[in-house]
Amino acid sequence: LINTTNAGSALLVQQASATEGDGHTTHLSTLDLSGLDNFNATVGRVLVAVQGQLTPVATQVTIPDIFYPEGTILLAKTNLIQTTQLGAILGGQDGGNGAGQGGAASLSGPAIVIGDASSVEATGILELGQTNAIFSDTICVGRLKSSGTLSFNTAFSLPFVYLRGVSSNRVSAFLVADDSHLSTSTTGASACTGIVDFSAGTADLMIDTLTIATGQQGNGTAPVTGIVTFGGGIVNVNTVNLGYQNSAAAAAITQGTLNLNGTALTVNNQIVLGRSIGGSMNPTGTLNLNGAAVAVANGIVDQSGTSTST
């Protein structure tokens with residue numbers, strides 16, 4: 001049981017290294033709760049493999065500015081998690097979630113972050129238990145040159161995840177592979193990757209904006225790849241973005257994929273495939289349906305990117 005009402009508190013799991021290591025998984029620190037029947041946490045933020053800020057940021061817990069953070073959390077059989085950092089993500093360059101190059105204009109990054117770094121790569125993994133209820137306003141899986149994975153622990157059968165916001169019934173922003181806070185040029189070695197895989201179980205999600213693969217602000221050559229896969233369950237989203245370009249100067253592809261396998265998806269606004277603002281590298285949005293029931297109020301839109309729907 002973890003219970004703190006301080007929005008500046010955090011559950012942080014990671015280990016650092018002076019070198020990158022082979023495959024980005026050579027020094028994964030692990031918090032293994034999978035042998036527990038229950039885990040309840042009320043905490044400001046949940047952070048897995050997050051590089052800290054260079055200087056302290058108001059209202060935020062100080063996170064060490066370490067190199068190559070890696071971490072894993074394996075949740076218990078039954079979990080109830082509520083983050084107390086409320087509201088939307090603030091600012092452009094992020095100085096509150098880690099990402100030490102960011103400025104003080106941003107007081108808070110996402111409430112739940114899995115993999116985030118500014119000057120180096122990070123690798124974060126969060127595996128859910130059999131029954132999971134998570135209340136959080138903002139969630140990011142894979143951010144700023146990093147790799148993040150959110151999935152069920154295969155040790156549990158018939159897993160289920162229930163996801164809602166705190167300020168409202170919906171998660172305000174669910175971001176998968178978000179490089180949008182990066183404005184400097186980066187190379188292919190600094191790719192941003194986010195994987196959410198709920199195919200082994202059932203999901204009940206309420207989200208305002210789901211964005212899968214958000215491009216950088218600069219002209220770097222590092223690709224951004226986001227993949228979200230659902231099995232059974234109900235997903236209700238206001239807006240879905242797949243492959244969201246932020247800079248016409250970007251020299252690498254931004255590609256977002258949503259796989260629906262027997263899922264009931266309701267989109268109250270639009271699904272936007274491949275949001276492009278020009279340049280030589282069109283973003284890619286892919287929607288794959290396999291026995292899914294999809295209702296979209298205002299249509300599926302291709303915004304001049306490269307999009308497919310099957």
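Remember, predicted model here, so these are calculated numbers, not experimental data. The figures that follow rest on heavy atoms only: side chains count, while hydrogens, waters and symmetry mates do not.
By the 4.5 Å heavy-atom criterion applied to side chains, Gln245 and Thr254 are not counted as neighbours. Within the 4.5 Å cutoff, no side-chain heavy atoms of Thr84 are placed close to those of Val166. Side-chain contact between Thr209 and Asn241: present, with at least one pair of heavy atoms (C-beta onward) separated by less than 4.5 Å. In this structure the side chain of Phe135 reaches within 4.5 angstrom of the side chain of Leu80, judged on heavy atoms. In this structure, Tyr162 and Asn132 have side chains that are not in contact, with every pair of non-hydrogen atoms separated by 4.5 Å or more. Contact check for Val294 versus Leu260: side-chain heavy atoms found under the 4.5 Å cut-off. No side-chain heavy atom of Thr131 sits less than 4.5 Å from a side-chain heavy atom of Phe156. The shortest distance between side-chain heavy atoms of Leu265 and Phe230 does not fall below 4.5 Å.
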**Q.** Residue pair Glu70, Gln15: steps toward the side-chain contact (heavy atoms from CB on, under 4.5 Å) verdict
**A.** CA-CA 5 Å; Glu70 297 180 2; Gln15 182 173 322; 5.8 Å; no
(Q) Under the criterion side-chain contact (heavy atoms from CB on, under 4.5 Å), I'd like the reasoning laid out for Val235 against Thr266: C-alpha separation, chi angles, the key distance, then a yes or no. (A) CA-CA 6 Å; Val235 180; Thr266 299; over 6 Å; no
(Q) With side-chain contact (heavy atoms from CB on, under 4.5 Å) as the criterion, how do Leu12 and Val48 come out once you've worked through the C-alpha distance, each side chain's angles and the decisive distance to 0.1 Å? (A) CA-CA 6 Å; Leu12 173 63; Val48 187; over 6 Å; no
(Q) Between Cys140 and Ile114, is the side-chain contact (heavy atoms from CB on, under 4.5 Å) condition met? List the steps. (A) CA-CA 6 Å; Cys140 185; Ile114 305 170; over 6 Å; no
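With Thr263 contributing its side chain and Gly231 its backbone, the two residues share a donor-acceptor pair below 3.5 Å. In this structure, Arg143 contributes its side chain and Val113 its backbone to no donor-acceptor pair below 3.5 Å. Of the possible donor and acceptor atoms, none in the side chain of Gln51 sits under 3.5 Å from a partner among the backbone N and O of Pro69. Looking at Ser199, its side chain never comes within 3.5 Å of a backbone N or O of Asp197 through a donor-acceptor pair. The main-chain N or O of Ala111 is found under 3.5 Å from a side-chain atom of Thr138 such that the two form a donor-acceptor pair. Arg170 contributes a side-chain N or O that, together with a main-chain N or O of Asn236, makes up a donor-acceptor pair within less than 3.5 Å. The closest donor-acceptor contact from the side chain of Asp178 to the backbone of Leu175 lies at 3.5 Å or more, if one exists at all. A donor-acceptor pair under 3.5 Å is absent between the side-chain atoms of Thr78 and the main chain of Asn38, judged by distance alone. A donor-acceptor distance shorter than 3.5 angstrom exists from the side chain of Gln14 to the backbone of Val50, with no hydrogens or angles considered.
The environment of Ile234 atom CD1 is sparse: at most 12 non-hydrogen atoms of other residues, nucleotides or ligands sit within 6.0 angstrom.
Heavy atoms only, all atoms of each residue included: Ala200 and Pro159 are closest at O-CD, 3.5 Å. Annotation for Gly243 and Pro283: closest pair O-CB, 3.6 Å, computed over non-hydrogen atoms. In terms of heavy atoms, Gly129 sits closest to Phe152 at O-CD2, 3.9 Å. Nearest heavy atoms, Val224 versus Ala177: CG1-O, 3.4 Å. Ala297 and Asn268 make their closest contact through CB-O, 3.2 Å (heavy atoms, listed as atom of the first residue, atom of the second, distance). Here the closest heavy-atom approach between residue Gln255 and residue Ala213 is recorded as O-CB, 3.1 Å.
Thr83 and Ser136 share a side-chain donor-acceptor pair at under 3.5 Å. Side chain to side chain, Asn259 and Thr229 meet the donor-acceptor criterion of an N or O pair below 3.5 Å. Judged purely by distance below 3.5 Å, without hydrogens or angles, the side chains of Ser34 and Asp32 pair a donor atom with an acceptor atom. Judged purely by distance below 3.5 Å, without hydrogens or angles, the side chains of Asp208 and Asn238 pair a donor atom with an acceptor atom. Looking at Asn269 and Thr239, their side chains do bring a donor and an acceptor atom within 3.5 Å of each other.
Atom OG1 of Thr72 is separated from atom CG of Leu31 by 10.0 Å, given to the nearest 0.5 angstrom. The CD1 atom of Ile271 lies 4.5 Å from the CD1 atom of Ile300; values are rounded to the nearest 0.5 Å. Expressed to the nearest 0.5 Å, how far CG of Asn246 lies from OG1 of Thr214 amounts to 6.5 Å. The distance from the CG atom of Leu242 to the CD1 atom of Ile227 is 11.5 Å, given to the nearest 0.5 Å. Taking SG of Cys192 as the reference point, atom NZ of Lys145 lies at 11.0 Å (rounded to 0.5 Å). The CG atom of Leu273 lies 6.5 Å from the CG atom of Asp302; values are rounded to the nearest 0.5 Å.
Cluster annotation: Met206 is not connected to Val171 through the hydrophobic network of ILVMFWY side chains, with a link wherever side-chain heavy atoms come within less than 4.5 Å. Cluster annotation: Leu128 is connected to Ile207 through the hydrophobic network of ILVMFWY side chains, with a link wherever side-chain heavy atoms come within less than 4.5 Å. Tracing side-chain contacts under 4.5 Å through hydrophobic residues (I, L, V, M, F, W, Y), one never reaches Ile195 starting from Leu150; they form parts of separate clusters. Following chains of ILVMFWY side-chain contacts shorter than 4.5 Å, one cannot reach Leu74 starting from Val141, and the two form parts of different hydrophobic clusters. Residues Val228 and Val272 fall into different hydrophobic clusters, defined by Ile, Leu, Val, Met, Phe, Trp and Tyr side chains chained together at heavy-atom separations under 4.5 Å.
The side chain to side chain contact (heavy atoms under 4.5 Å, CB included) with Phe174 is formed by just one residue from the set Thr211, Val196, Ile112; it is Val196.
For the pair Arg275 and Tyr244, the cation-pi criterion (under 6.0 Å, within 45° of the ring axis) is fulfilled.
Arg164 and Asp204 are joined by a salt bridge, as a carboxylate oxygen and a charged side-chain nitrogen come within less than 4.0 angstrom of each other. For Lys77 and Asp37, the salt-bridge test fails: no basic side-chain N is under 4.0 Å from an acidic carboxylate O.
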